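Every value quoted in this text rests on a predicted model; they were computed, and no experiment measured them.
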Amino acid sequence: MAVEDFGAARRDEGRDRLGDHQNKADVGSGIARQWLDADKVDVIVDTPTPGRPRVTQIVKEKGKAFLVSGAASSDLTGKACSPNTIHWTYDTWALANGTR
């Protein structure tokens, strides 16, 4: 119902996209650029390890959002923190300190 209210169903938006990064950072960042520039995607949800730092930077440059759940790296909330990246599950700090 929310998609219908938003109107995305009437346009070619609101469709899920899936990309094969082939475990290569350059391929993953290329997919992210394609989605953000040509396909007009507003949010990328998770990426595998190889392209995550590049995708974080691309999303920040484009003013879009990046939801990360599969990464455990505390860098996402530390030195690589971005106002456009939401790290919404565990990180390595929490895993190490929460089990004491």
Side-chain angles (χ1 to χ4, degrees):
M1 291 184 333
V3 171
E4 290 174 7
D5 289 346
F6 180 70
R10 291 185 294 276
R11 302 184 308 265
D12 190 26
E13 297 177 25
R15 293 188 177 180
D16 293 338
R17 286 168 177 70
L18 180 64
D20 180 6
H21 58 85
Q22 302 171 15
N23 211 24
K24 299 176 184 173
D26 59 331
V27 173
S29 60
I31 291 169
R33 286 191 187 280
Q34 166 71 30
W35 288 347
L36 297 171
D37 293 340
D39 298 345
K40 306 300 181 199
V41 168
D42 291 318
V43 178
I44 294 179
V45 180
D46 225 347
T47 61
T49 302
R52 193 172 294 118
R54 289 186 187 178
V55 173
T56 299
Q57 186 59 37
I58 293 167
V59 167
K60 184 177 178 182
E61 291 169 4
K62 305 288 182 183
K64 303 297 182 176
F66 183 29
L67 305 177
V68 181
S69 67
S73 175
S74 57
D75 285 352
L76 290 168
T77 50
K79 67 181 181 181
C81 187
S82 163
N84 301 75
T85 300
I86 298 98
H87 188 196
W88 59 284
T89 53
Y90 61 91
D91 66 16
T92 52
W93 185 92
L95 287 173
N97 291 284
T99 55
R100 292 182 186 196

Are [X] and [Y] packed together at the side-chain level, in the sense that at least one heavy-atom pair is separated by less than 4.5 angstrom?
X: K64; Y: I44; value: no
X: N84; Y: F66; value: no
X: K60; Y: T85; value: no

Minimum heavy-atom separation for [X] to [Y], with atom names?
X: V41; Y: V43; result: CG1-O, 3.2 Å
X: A25; Y: R54; result: C-NH1, 3.6 Å
X: I86; Y: A65; result: CD1-CB, 4.5 Å
X: A80; Y: T56; result: O-CG2, 4.0 Å
X: V27; Y: D20; result: CG1-O, 3.6 Å
X: V55; Y: A32; result: CG2-CB, 4.0 Å

Ion pair check, D37 and K62, cut-off under 4.0 Å: yes
Non-neighbouring partners of S69 that pass side chain to side chain contact (heavy atoms under 4.5 Å, CB included), sequence neighbours left out: D46, W88, T89
Distance, nearest 0.5 Å, that separates CD1 of I31 from NE2 of H21: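 So the gap between those two atoms works out to 8.0 Å.
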